[in-house]
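Just so you know, ligand 1 is whichever comes first in the structure, and atom 1 is the first atom listed for that ligand. Residue numbers start at 1 and run along the sequence shown.
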Amino acid sequence: MESKIWLSSPHMGGNEQSYVNNAFDTNWIAPLGPHVDGFENEIQNYLKEDSLVAALSSGTAALHLALILLNVKQGDEVICQSKTFSASANPIVYQGATPVFIDSEEDTWNMSPEVLETAIQDRIKKGKKPKAIIAVHLYGMPYKATEIHSIANSYHIPVIEDSAEALGSTYKNIKCGTFGDIAILSFNGNKIITTSGGGALVTKNKAIREKAIFLATQARDNAVEYLHSSIGYNYRLSNVLAGIGRGQMEVLEDRVYARRQNYDTYKATLSAIEEITFLDEPKDFYSNRWLSCILTPSETIREGLRLKLLENNIESRPLWKPMHQQPVFKSCPSYLNGVSDDLFKKGLCLPSGSNLTESELDRVITAIKTYFRA
Ligand SMILES: *Cc1c(COP(=O)(O)O)cnc(C)c1O
């Protein structure tokens, strides 16, 4: 059996281990320290647009804190893109609030501005004005930030920008992770850069960043004794893991380049196959191509292809199953147009790691061509 080809595996740059060794040498084995500060500064310098960063234990923790900071409480409703990973929606429920799911548009696969506006108007008519909107840059493709944010602004609803998959992407030349009232990043093992597990909250507001760190470190009031007047969390990033992140920030641009190359190679070699289509970047959109995805004509063909790849020891994965189809969210309101259901049936994520070799890419391409007899 040939070696396994993974969907998206960690890819160290080379300097991570020396940062980690430094953490050991200086005994900063704690969820604070020089690497945490350094990592935050390096992300801020990368994102610019006056971004302030709080490094956290996961993207999910960042989303949870974002909802708390926007005062989302028991009984509230929060709008969320339906086509996403469950981590976008779960923290809404941690707060005792209800997700309201919004379908996608065909040209970005992200939240449809039209459906969003219909949903906001309908929720307001029902006496339930949404407390926040969670919009997602899926697979690295930016959502239509201008449209989504202008709708949100006109109803005075804050936007949480889920940029977990989109570090390195831009929209109108502005980096993803800088659009939201609060944005979040993820450094999980499969993301474009990783700390093994980790995340960040991004804001332009100094008080919000400070409050995020306060909540992430058990909400200790400013007193010598351990004094608490609110509920806290243990969500700060470890200084050891932040060391990995500092090494990864050094190679982020290379990682974006390599993932975009994967996509270009798939497109160049597979677009002659009539049954396969790709999601091109609309004008002003620049995707980090975190995952390269294709659409096939049907669920049967998509599943056949997935099994064919598996037979060759190649991992692939259907596009995210929309949240409105998930058993755990079946009682939540949703506003649908059929797009995300259709994408789920037809779409497949191909191996996309920045560490894929040419011969591994060849194996994937050959297996796909064989399946389609191309
Ligand atoms: C990975 C991911 C998250 C969660 O990040 P973790 O660091 O794994 O908690 C949230 N949203 C999306 C869209 C993701 O892909």
A.B. asks: Heavy-atom contacts with A164 under 4.0 Å: which atoms of ligand 1 show up? List them by number with element.
C.D. replies: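 Result: 2 (C), 3 (C), 10 (C), 11 (N), 12 (C), 14 (C).
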A.B. asks: Which part of V136 is near ligand 1, with near meaning a heavy atom under 4.0 Å away: side chain, backbone, both or neither?
C.D. replies: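 It is the side chain that touches ligand 1; the backbone stays farther off.
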A.B. asks: Give a yes-or-no answer on whether the side chains of H64 and Y235 include a donor-acceptor pair shorter than 3.5 Å.
C.D. replies: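 There is such a pair between these side chains.
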A.B. asks: Identify the protein heavy atom lying closest to atom 2 (C) of ligand 1, giving its residue, its atom name and the separation to 0.1 Å.
C.D. replies: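 Ranked first by proximity to atom 2 (C) of ligand 1 is K191 NZ, 2.7 Å.
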A.B. asks: Of all residues at least two apart in sequence or in a different chain, which pass the salt bridge (charged side-chain N to carboxylate O under 4.0 Å, His left out) check with K131?
C.D. replies: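 Applying salt bridge (charged side-chain N to carboxylate O under 4.0 Å, His left out) to K131 gives D76.
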A.B. asks: Applying a 4.0 Å heavy-atom criterion (strictly less than), which segment of S58 is in contact with ligand 1: side chain, backbone, both, or neither?
C.D. replies: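 Both the backbone and the side chain of S58 come within reach of ligand 1.
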A.B. asks: Any side-chain donor paired with an acceptor under 3.5 Å for N110 and Q81?
C.D. replies: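 The answer is yes; a qualifying pair exists.
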A.B. asks: If the cut-off is 4.0 Å to any non-hydrogen atom of A87, which atoms of ligand 1 fall inside it?
C.D. replies: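 Per the distance check, 3 (C), 4 (C), 10 (C).
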A.B. asks: Using heavy atoms and a 4.0 Å limit, tell me yes or no: is S88 in contact with ligand 1?
C.D. replies: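 Judged by the 4.0 Å heavy-atom criterion, S88 does count as contacting ligand 1.
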A.B. asks: Could you state whether V339 and L319 fall into the same hydrophobic cluster, counting links through intermediate Ile, Leu, Val, Met, Phe, Trp or Tyr residues with side-chain heavy atoms under 4.5 angstrom apart?
C.D. replies: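 V339 and L319: one cluster.
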A.B. asks: I'd like to know if the side chain of R123 pairs up with that of Y155 as donor and acceptor (distance under 3.5 Å, no hydrogens or angles considered).
C.D. replies: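 Result is no, nothing qualifies.
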A.B. asks: Is there a donor-acceptor contact under 3.5 Å from the side chain of R317 to the main chain of L348?
C.D. replies: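 A pair under 3.5 Å: no.
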A.B. asks: Considering the heavy atoms of T84, write down every atom of ligand 1 situated less than 4.0 Å from one of them.
C.D. replies: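 Going through ligand 1 atom by atom, the ones under 4.0 Å from T84 are 13 (C).
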A.B. asks: Which residue owns the protein heavy atom closest to atom 5 (O) of ligand 1, what's the atom, and how far is it?
C.D. replies: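 Of the protein heavy atoms, S186 OG, 3.2 Å lies nearest.
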A.B. asks: Check for me whether K191 meets the cation-pi criterion with W290, that is, NZ or CZ under 6.0 Å from the six-membered ring centre and within 45 degrees of the ring axis.
C.D. replies: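 Output yes; distance and angle both within limits.
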A.B. asks: Give a yes or no answer on whether the side chain of E117 reaches the backbone of E114 with a donor-acceptor pair at less than 3.5 Å.
C.D. replies: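 Between the backbone of E114 and the side chain of E117 there is no qualifying donor-acceptor contact (under 3.5 Å).
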A.B. asks: For ligand 1, which is the ligand I care about here, please tell me if I184 has any N or O atom under 3.5 Å from one of the ligand's N or O atoms.
C.D. replies: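 Looking only at distances, the answer is no, because the N/O contact criterion of under 3.5 Å is not met.
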A.B. asks: May I ask you to check whether T60 has an N/O atom sitting below 3.5 Å from an N/O atom of ligand 1?
C.D. replies: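 Yes; the residue has a nitrogen or oxygen that sits under 3.5 Å from a nitrogen or oxygen of the ligand.
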A.B. asks: E165 versus ligand 1: do any nitrogen or oxygen atoms come within less than 3.5 Å of each other?
C.D. replies: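 Indeed, backbone or side chain, E165 has an N or O that close.
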A.B. asks: Are L63 and I213 joined in one hydrophobic group, where the rule is that I, L, V, M, F, W and Y side chains link up if heavy atoms are under 4.5 Å apart?
C.D. replies: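 No; tracing contacts between hydrophobic side chains, which count when under 4.5 Å, never links both residues.
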A.B. asks: Please report whether ligand 1 has a polar contact with D162, defined as an N or O pair separated by less than 3.5 Å (distance criterion only).
C.D. replies: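 Looking only at distances, the answer is yes, because the N/O contact criterion of under 3.5 Å is met.
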A.B. asks: Can you pull out the closest protein heavy atom to atom 8 (O) of ligand 1? Residue, atom name and distance to 0.1 Å, please.
C.D. replies: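 Ranking protein heavy atoms by distance from atom 8 (O) of ligand 1, first comes N188 ND2, 3.1 Å.
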A.B. asks: Show me which atoms of ligand 1 lie under 4.0 Å from any heavy atom of G198.
C.D. replies: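 Every atom of ligand 1 under 4.0 Å from some heavy atom of G198: 7 (O).
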